[in-house]
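Beneath this line is the structure, given in structure tokens, with notes to follow.
Atom set for the values below is all heavy atoms of this structure, side chains included, hydrogens, waters and symmetry mates excluded. The residues of the chain are indexed from 1 along the displayed sequence.
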Amino acid sequence: MCNNSTVSLHQIMLNIDLNNLNNLEQKIHHTIMQSSKDIKHLPITKAAELCGCTISKVSKFVQKLGFNNYKQYMNYVYGQDTPIDPRSGELERIRDILDRFDFSLLDKMIDLINSHEKIILFGYGPSYYCMQYFEYKLRYITNKLVFAVQEEQSAEAIMDENSLLIAFSVTGEFKSFSRIFAFAKNKNCEAVLVLEEYNTALLNEYNNIFFLTKSFQPLDLLPHEKSRTVFFIFIEEILQRFIIVNRQKNRDLSQTEEKDN
């Protein structure tokens, strides 16, 4: 049996949407398209030089368009039907995110959770199911009141000045959080939006945003198709830190009791 590990570019359906690119990304695309007319093979180092940006910026632009890597993007630019790797690129994406992750976000989130009696975990679609897992584990290892909800009215019914609202979203654009955040403000409830993608446009709408990455998932993916891997990594690290603190407290308590005896 023949097992083909590659497919042609024409076999992959790519939804290239240039309208979602910012000014720099539009410039990168235009520069590469124009340069490709005169340069037969345009390496990423040369592309970055021509665009006046870093190699990392070019790589992120390519991934934002929905390509797995720069080579696949250049196959598209040159109109070539050459074999490409059909893997999703998710593992490479996660590895890059972990290399650049801002660990101070973990400390900030833990401090927020510790300073509130009630934790309301909010999310739409697949993000809500991530919240259910977070709820289960957080209830088990803390003495907090923890609720995972996906309906605004349910969240509003249990919200008060002692609550912390944590909303999770990959893009922040599937459905607006404006209403529930406004309600939280009126209730003197602290609210934070945890975003995976680096959608800085939302800074105009929400005061407190935790950006877990400085990149975007492929634009050809619908919101419910996008990975929640980064959410689970963030959640697990928070949980593990709580567990470590709890174990240390138990050891200290045991040592104190032994001394008293």
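Between atom CD of residue E156 and atom CD1 of residue I120 there is a gap of 9.5 Å, rounded to the nearest 0.5 Å. For the atom pair CD (E190) and NZ (K185), the distance works out to 13.0 Å, reported to the nearest 0.5 Å. Atoms OG and CD1, on S215 and I97 in that order, are 4.5 Å from each other to the nearest 0.5 Å. How far CD1 of I113 is from CD1 of I238: 5.0 Å, rounded to the nearest 0.5 Å. Rounded to the nearest 0.5 angstrom, S36 OG and L42 CG are separated by 7.5 Å. One distance of note links CG of L164 with NZ of K144; it measures 9.5 Å at 0.5 Å rounding.
No side-chain heavy atom of K187 sits less than 4.5 Å from a side-chain heavy atom of E161. Looking at S56 and R100, their side chains come closer than 4.5 Å, going by heavy atoms from C-beta outward. Within the 4.5 Å cutoff, no side-chain heavy atoms of P223 are placed close to those of V170. In this structure the side chain of C51 reaches within 4.5 angstrom of the side chain of I32, judged on heavy atoms. You'll find the side chain of T171 stays beyond 4.5 Å of the side chain of L195, heavy atoms only. In this structure, M159 and L165 have side chains that are in contact, with non-hydrogen atoms separated by less than 4.5 Å. Taking 4.5 Å as the limit, every side-chain heavy atom of D96 sits out of range of all side-chain heavy atoms of T213. At least one side-chain heavy atom of E92 sits less than 4.5 Å from a side-chain heavy atom of R95.
Hydrophobic cluster membership differs between F147 and F231, with clusters built from Ile, Leu, Val, Met, Phe, Trp and Tyr side chains linked at under 4.5 angstrom. F67 and I55 fall within a single hydrophobic cluster, where Ile, Leu, Val, Met, Phe, Trp and Tyr are joined by side-chain heavy atoms under 4.5 Å apart, directly or via other members. Linking ILVMFWY residues whenever their side-chain heavy atoms come closer than 4.5 Å, directly or via other members, places L24 and L21 in the same cluster. Linking Ile, Leu, Val, Met, Phe, Trp and Tyr residues whenever their side-chain heavy atoms come within less than 4.5 Å places L121 and V230 in a single cluster. Under the 4.5 Å side-chain heavy-atom criterion for Ile, Leu, Val, Met, Phe, Trp and Tyr, V245 and L105 are members of distinct hydrophobic clusters.
Residue E196 forms a salt bridge (charged side-chain N to carboxylate O under 4.0 Å, His left out) with just one option from R93, K226, R228, K214, and that option is R93.
Atom CD of E151 has 12 or fewer heavy atoms from other residues, nucleotides or ligands within 6.0 Å. Environment of CD in Q153: sparse, with no more than 12 heavy atoms of neighbouring residues, nucleotides or ligands closer than 6.0 Å. Counting non-hydrogen atoms of other residues, nucleotides and ligands closer than 6.0 Å to CD of E225 gives a total above 12. When the shell of 6.0 Å around CG of D111 is examined, it contains more than 12 heavy atoms from other residues, nucleotides or ligands. Around atom NZ of K118, more than 12 heavy atoms belonging to other residues, nucleotides or ligands sit under 6.0 Å away.
Side-chain contact check for E152 and Y124: at least one donor-acceptor pair (N or O, by modelled atom type) lies under 3.5 Å. Side-chain N/O atoms of D107 and S104 include no donor and acceptor closer than 3.5 Å.
Shown here for F242 and N114, the closest heavy-atom pair between the two residues is CE2-OD1, 3.3 Å. Across all non-hydrogen atoms, the minimal contact from G123 to M131 is N-CG, 4.2 Å. The two residues A191 and A184 have their closest heavy-atom pair at CB-CB, 4.2 Å. Y70 approaches A47 most closely through the heavy-atom pair OH-CB, 3.5 Å. Closest of all the heavy-atom pairs between T142 and L138 is OG1-O, 2.7 Å.
Ring pair F122/F168: centre-to-centre distance not below 6.0 Å. If you look at F134 and Y136, their ring centroids are not closer than 6.0 Å.
Applying the side chain to side chain contact (heavy atoms under 4.5 Å, CB included) criterion to T229, with sequence neighbours excluded, gives E90, I94, S227, I233.
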Trace of the side-chain hydrogen bond (donor to acceptor under 3.5 Å, both in side chains) decision for Y140 with E135: CA-CA 9 Å; Y140 178 75; E135 173 196 39; over 6 Å; no
Checking ring-ring contact (aromatic ring centres under 6.0 Å, His included) for the pair F216/Y198: CA distance, chi angles, key distance, verdict? CA-CA 6 Å; F216 292 81; Y198 197 57; 7.5 Å; no
Determine whether E117 and L145 satisfy the following criterion, side chain to side chain contact (heavy atoms under 4.5 Å, CB included), listing intermediate values before the conclusion. CA-CA 6 Å; E117 298 176 3; L145 293 172; over 6 Å; no
Run the numbers on H30 and Q26 for side chain to side chain contact (heavy atoms under 4.5 Å, CB included), then give the verdict. CA-CA 6 Å; H30 176 76; Q26 292 275 5; over 6 Å; no
Give the intermediate values and the outcome of side chain to side chain contact (heavy atoms under 4.5 Å, CB included) for residues S59 and I44. CA-CA 8 Å; S59 295; I44 192 170; 3.5 Å; yes
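The main-chain N or O of N22 is found under 3.5 Å from a side-chain atom of E25 such that the two form a donor-acceptor pair. Counting only distance, with no hydrogens or angles, the side chain of S115 and the backbone of L112 share a donor-acceptor pair below 3.5 Å. With Y78 contributing its side chain and Y73 its backbone, the two residues share no donor-acceptor pair below 3.5 Å.
Residue Y129 is found in a hydrophobic cluster whose other members, listed by chain and number, are Y128; membership requires side-chain heavy atoms under 4.5 Å apart, directly or through intermediates.
Taking the six-membered ring for Trp and thresholds of 30 and 60 degrees, F103 and F101 have ring planes more than 60 degrees apart, a perpendicular arrangement.
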Side-chain donor-acceptor distances from residues 201-212 under 3.5 Å, at least two apart:
from: Y206; atom 1: OH; to: F177; atom 2: N; distance (Å): 3.0
from: Y206; atom 1: OH; to: S178; atom 2: N; distance (Å): 3.4

